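Report on the structure given below.
Predicted model, so just to flag it, every value in this text is computed and none were measured.
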2 protein chains.
Amino acid sequence: MTSHIHCQNCSMATLCLPYQLSPEQTEKLDTVIQRHRPLQKRNILINSGEPLKFLYAVRSGSLKSYTLDSQGSEQIIDFHLPGDLIGFDGLIDGQHRSYTQALETTMLCEIPIQSLDQLSAELPGLRKQLLRVMSGELHASKTLLGTLNHHTAQQRLANFLVTLSSRFQQRGLSSREFRLSMTRADIGNYLGLSVETISRILTQLQNDGVVAVQNKLVAITEPERLRALAS
Amino acid sequence: MTSHIHCQNCSMATLCLPYQLSPEQTEKLDTVIQRHRPLQKRNILINSGEPLKFLYAVRSGSLKSYTLDSQGSEQIIDFHLPGDLIGFDGLIDGQHRSYTQALETTMLCEIPIQSLDQLSAELPGLRKQLLRVMSGELHASKTLLGTLNHHTAQQRLANFLVTLSSRFQQRGLSSREFRLSMTRADIGNYLGLSVETISRILTQLQNDGVVAVQNKLVAITEPERLRALAS
DNA sequence: ACCAGGACTTGATTTGCGTCAACGACGCGT
DNA sequence: ACGCGTCGTTGACGCAAATCAAGTCCTGGT
């Protein structure tokens, strides 16, 4: 018999809602959380317009969130890694505002909004962490806005790689070498660039000796220079 | 003797924290809120890096928020109108993450973070509204990201005007005619376009009969066509 | 009322990146 | 193991918007 998964023994707990909760408080939180069935690559977790009943926490794998514009084409607004929470943008009116789709096989936790609200009344730490996480997302989103608005294609891509790298590091993974679970087209869409430009700049960065790319695998050979390029 | 300003008689209450609070609850909230001295044009309310002690609510006037990049140049990330709340991006670590500067003479309310947290433990409606407001900002920011990434200069500017127009309408002001408190350079910076492009597209929109522009004053003569251009 | 400095407009030129096109390389399903 | 579809790379070309430049119009301060 395999041991069940609980917040108490989850390696992502420090990035997730239990952050700074006591063991007893974490256990309380754990009781309202359901483990979601694994989501296969390309499967959709959330459709835009659906009522918001749960927040989701990523346990493993990765996903992308996107909206559809009037012509029906994707606009990617986020990539989610383990430890990330999904669904905050729907709190405004109880409806999800975007689609969320698995980029690979993905494990999730399901957190009922209503229980979360009730619990946050009695746990100041949970309240604080909720605000922290949303504030962090808000900050990331606004920083990205500034980055995209005022930087060249090379700077945008360098910035994207640096940000990914530091997110992997926060999660206890290598910041030097990682796998891109999204396609080049996804990256381009997210950064407001064409696939061709992403491809060209990756080979250029490789020729400059800043990174080494092999299909989905990226190794950052000179982190300092990459960070300088991200500017 | 002039009547004092309170949340109870503030015309922005429905956009602000008191939304959906009972009169008694609003009064409770009111007791922890201070009215800030008027801020003159170009004065700075918040410096990046400062400890976050208060949230601010705009009573009248307007402000811009921006970060400075490594070369010290401004990256505008937000314009704030009456009813808006300022400071959420600092909740993550108790530090403001951007500068906020008045675009004109501006009146503000000052809300101590700590009192707000305490109060939100006992008022579910306040808790909900806090999350709603942050969620709304998050959504707006991500929508803007999609817009800027995938649209032409004309679409961006049209979108900017439509968004401003609807924000004025929410505030009980005319959606057809309003004053731009920010400069063309500010708009360009915000939208990732040059001043010249903003200027050219404004005259072009005017020649097309969609808007009438006179210095800072904008009249939207054909809202439908403008909305279509925003796509 | 005037002057100075910033804000705005308009035109000429350049350029970074998108688009189009062709091809090569994976990887998944049979 | 093979073939087909998606993904990725590379090159040629065109265009939207940046940059450069010059001039006019506001605005606020004396």
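- Each of B/Ser194 and B/Lys41 was matched to the nucleotide of DNA chain D holding its nearest heavy atom; the match closer to the 5' end belongs to B/Ser194.
- The only member of A/Val133, A/Ile33, A/Ile113, A/Ile86 that meets side-chain contact (heavy atoms from CB on, under 4.5 Å) when paired with A/Leu55 is A/Ile113.
- Judged purely by atom type and a 3.5 angstrom limit, A/Arg184 has no side-chain atom pairing as donor or acceptor with the backbone of A/Ser199.
- Using modelled atom types, one finds no donor on one side chain facing an acceptor on the other under 3.5 Å when comparing A/His80 with A/Ser62.
- Protein atom CG of A/Leu180 is 16 Å distant from nucleotide atom C1' of C/dC26, rounded to whole Å.
- Going from atom CD of A/Gln40 over to atom P of C/dG29 covers 11 Å, rounded to whole Å.
- In this view, A/Phe88 satisfies the ring-ring contact (aromatic ring centres under 6.0 Å, His included) rule with no residue, not counting sequence neighbours.
- When heavy atoms are screened at a 4.0 angstrom cut-off, A/Gly192 is found touching the sugar-phosphate backbone but no base atom.
- B/Gln204 places its CD atom 13 Å from the P atom of C/dT9, with the value rounded to the nearest Å.
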Can you pull every protein N or O that's under 3.5 Å from an N or O on nucleotides 7-11 of chain D?
unit_1: D/dG8; atom_1: OP2; unit_2: A/Arg184; atom_2: N; d: 2.9
unit_1: D/dT9; atom_1: OP1; unit_2: A/Arg184; atom_2: NH2; d: 3.4
unit_1: D/dT9; atom_1: OP2; unit_2: A/Arg184; atom_2: NE; d: 3.0
unit_1: D/dT9; atom_1: OP2; unit_2: A/Ser199; atom_2: OG; d: 2.9
unit_1: D/dT9; atom_1: O5'; unit_2: A/Ser199; atom_2: OG; d: 3.0
unit_1: D/dG11; atom_1: N7; unit_2: A/Arg200; atom_2: NH1; d: 2.8

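- Between the CD1 atom of B/Ile187 and the P atom of C/dT9 there is a distance of 10 Å, rounded to whole Å.
- Atom pair B/Asp186:CG and C/dC8:C1' shows a separation of 13 Å (rounding to whole Å applied).
- Residue B/Leu148 contributes atom CG, which lies 19 Å from atom P of D/dA16 at whole-angstrom precision.
- We find that CD of B/Glu104 is positioned 14 Å from P of D/dT27, with the value rounded to whole Å.
- With sequence neighbours excluded, the residues that form a ring-ring contact (aromatic ring centres under 6.0 Å, His included) with A/His36 are A/Tyr56.
- Rounded to whole Å, atom C1' of C/dC17 lies 18 Å from atom NE2 of A/His150.
- We find that A/Lys142 and B/Glu137 are joined by a salt bridge, their nearest charged nitrogen and carboxylate oxygen being less than 4.0 Å apart.
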